Amino acid sequence: MIESGRTSREWEKASGMNKRNFARYLNLCYLSPHIVADILEYKNPRNLTLRELMNLAEGQVNFEEQEKVWYG
């Protein structure tokens, strides 16, 4: 049996978040793999907050540009 995927709207409703917050968390999926690896290794070179990290994911789609901000 093949399961059908959920739409982002369905995930948004299931999460209980408003559209804006859901989109900000979803944008974290587009972080550079190097940044994700650092986070998993408990590294945060500039002590960025979650809000700053969300702004980085939302504002920069280029991994190199994200890493410039991340590594300072």
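Start at 1 with the first residue, then count along the sequence. Computed from a predicted model, the values in this text were never measured in an experiment.
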Task: Spatial distance of atom CG (Asn44) from atom CG (Asp38) [nearest 0.5 Å] - done: 8.5 Å
Open item on the list: Looking at every non-hydrogen atom in both residues, tell me the closest pair between Ser8 and Phe22 and how far apart they are.
Closed with: O-CE2, 3.6 Å
- [ ] Check Arg6 against Ala14 and note the closest heavy-atom contact, atom names and distance.
- [x] NH1-CB, 3.7 Å
Task: Partner residues of Leu28 under the side-chain contact (heavy atoms from CB on, under 4.5 Å) criterion, sequence neighbours left out - done: Tyr25, Leu31, Leu50, Leu53, Met54, Ala57
Task: From CA spacing to verdict: salt bridge (charged side-chain N to carboxylate O under 4.0 Å, His left out), Glu10, Lys13 - done: CA-CA 5 Å; Glu10 290 173 319; Lys13 281 185 174 183; over 6 Å; no
TODO: Verify the cluster assignment for Leu48 and Val61: are they in a single hydrophobic cluster under the rule of side-chain heavy atoms below 4.5 Å apart?
DONE: no
TODO: Search all heavy atoms of Glu64 against all heavy atoms of Asn62 and return the closest pair with its distance.
DONE: N-OD1, 2.7 Å
- [ ] Look at the side chain of Gln60 and the backbone N and O of Gln66, then say whether any donor-acceptor pair between them is shorter than 3.5 Å.
- [x] no
Open item on the list: Test of understanding: clusters of I, L, V, M, F, W, Y form through side-chain heavy atoms closer than 4.5 Å, transitively. Do Trp70 and Tyr30 belong to the same one?
Closed with: no
TODO: Start with the C-alpha distance between Arg46 and Val69, add both sets of side-chain angles, then the distance that settles side chain to side chain contact (heavy atoms under 4.5 Å, CB included), and finish with yes or no.
DONE: CA-CA 9 Å; Arg46 297 191 47 229; Val69 174; 3.7 Å; yes
Task: Set of residues satisfying side-chain contact (heavy atoms from CB on, under 4.5 Å) with respect to Glu67, sequence neighbours excluded - done: Ser32, His34, Ile35, Phe63, Tyr71
Task: Main-chain N/O of Ala23 paired with Glu58 side-chain donor or acceptor, under 3.5 Å - done: no
Task: For Arg9, side chain to side chain donor-acceptor pair (under 3.5 Å) partners two or more places apart - done: Glu12
